[in-house]
Amino acid sequence: VNLESKADILANLWASGGQNYAERWASSTETGIDQPMSLLVNAQINLLEEVTRTKIGEPFGKFGGGIQPDALEAPYASYSLELIEANVASLRAVFEGPSGEGGIDLALDALEAQYNDQALSAAISDGLTNVEQAVAAINGPLQDALTDEAAAVEALYDTCKDLLVLYKSDMASALSITVVISDSDGD
């Protein structure tokens, strides 16, 4: 019953007959830190920082202490890599829309945002593909790959860092978004 009541409250927040947050979100052109696009972009950046630093970098020993398989998100269940893959899928779904029909990429295209002589949206989409390919290049559980496939884990970490730069610097700048520092921000 509690879940049902919470779902009803959430539906009311978004519904046109309720508080109509969907219309507020869709029509917002402001970029202050408490505005919809800013909140969405910052949430995406925070997720990508968590993937890069906490889910890959710390277990891989990038911040001292050597390789730490127990620092993985699911060290005993052997599906930490699948959780990273799901995180990247959610990043893509928000960036390109759940079925590829458009998301944040459309805003960047409308602004004609560029990165190295190409559309910034294309560069970010390519970055997402690079991360997906780096995940796919790891054979077996991530806890084994930390030592057995160090080059592949390094490539995954590097592609995530590259994508993070596109999000934090290029996309945020193009959208006039102030990046809010998070708990996992290691910069």
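Everything numeric here is computed off the predicted structure, so don't read it as measured data.
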ask   = Under the side chain to side chain contact (heavy atoms under 4.5 Å, CB included) test, which residues partner L111, sequence neighbours left out?
value = L175

inquiry  = Under 4.5 Å between side-chain heavy atoms, counting indirect links through other Ile/Leu/Val/Met/Phe/Trp/Tyr residues: same cluster for L39 and L91 or not?
reply    = no

key: Pairs involving residues 69-87, ordered by first then second residue, that meet salt bridge (Lys or Arg N to Asp or Glu O under 4.0 Å) (sequence neighbours left out)   = K55-E73

message = For S173, give me all partners under side-chain hydrogen bond (donor to acceptor under 3.5 Å, both in side chains), at least two apart in sequence or on another chain.
response = none

inquiry  = Restricting to side chain to side chain contact (heavy atoms under 4.5 Å, CB included), what partner residues turn up for L10, sequence neighbours left out?
reply    = L13, W14

key: Any donor-acceptor pair under 3.5 Å from Q143 side chain to P141 backbone   = no

task = Output all residues satisfying side chain to side chain contact (heavy atoms under 4.5 Å, CB included) with A155, sequence neighbours left out; order by chain, then residue number.
result = none

request  = Please report the closest heavy-atom contact between V153 and A145, naming both atoms and the distance.
outcome  = CG2-O, 3.4 Å

task = Could I get the full list of side-chain hydrogen bond (donor to acceptor under 3.5 Å, both in side chains) partners for T129, not counting sequence neighbours?
result = R92

key: By side-chain hydrogen bond (donor to acceptor under 3.5 Å, both in side chains) - contacts of D162 (at least two apart)   = none

query = Does L47 reach the side chain of S90, with side-chain heavy atoms less than 4.5 Å apart?
reply = yes

task = Taking the side chain as every heavy atom from C-beta outward, state whether D126 and Q118 have any atom pair closer than 4.5 Å.
result = yes

query = Considering residues at least two apart in sequence or located in another chain, which fulfil the salt bridge (Lys or Arg N to Asp or Glu O under 4.0 Å) criterion with E154?
reply = K62

ask   = Considering all heavy atoms of both residues, which atom of V41 and which atom of M171 are nearest to each other, and what is their separation?
value = CG1-CE, 4.1 Å

Inter-residue atom distance F60.CZ - L146.CG, 0.5 Å rounding = 7.0 Å

Under the side-chain hydrogen bond (donor to acceptor under 3.5 Å, both in side chains) test, residues paired with D170 that sit two or more places apart = none

inquiry  = To check you understand the geometry: which heavy-atom pair defines the closest contact between L72 and S80, and what is its length?
reply    = CB-OG, 3.4 Å

message = Under a 3.5 Å distance rule, please check whether T159 uses its side chain to pair with a backbone N or O of L156 as donor and acceptor.
response = yes

remark   = Shortest non-hydrogen pair, L120 vs A174, comes out as CD2-CB, 4.0 Å

task = Share the residues that join L83 in a hydrophobic cluster, the rule being Ile, Leu, Val, Met, Phe, Trp or Tyr side chains under 4.5 Å apart at the heavy-atom level.
result = Y79

request  = Would you indicate whether the side-chain heavy atoms of Y167 and I104 approach each other to under 4.5 Å?
outcome  = no

ask   = Are side-chain heavy atoms of C160 and I56 found at a separation under 4.5 Å?
value = yes

remark   = Here the pair of heavy atoms bringing A152 nearest to I138 is CB-CG1, 3.8 Å

key: Partner residues of E149 under the salt bridge (Lys or Arg N to Asp or Glu O under 4.0 Å) criterion, sequence neighbours left out   = none

inquiry  = To the nearest 0.5 Å, what is the distance between CD on E50 and CD1 on I84?
reply    = 10.0 Å

request  = Nearest 0.5 Å please: distance from the OG1 atom of T52 over to the NZ atom of K161.
outcome  = 9.0 Å

request  = Specify whether F63 and Y157 have parallel, tilted or perpendicular ring planes, treating 30° as the upper limit for parallel and 60° as the lower limit for perpendicular.
outcome  = perpendicular

query = Does the side chain of I124 come within less than 4.5 Å of L108's, by heavy atoms?
reply = yes

query = Under 6.0 Å from the CD atom of E112, do we count more than 12 heavy atoms belonging to anything else shown?
reply = no

key: For N42, all residues meeting side chain to side chain contact (heavy atoms under 4.5 Å, CB included), sequence neighbours excluded   = S38, I177, V179, V180

ask   = Are side-chain heavy atoms of K6 and N2 found at a separation under 4.5 Å?
value = yes

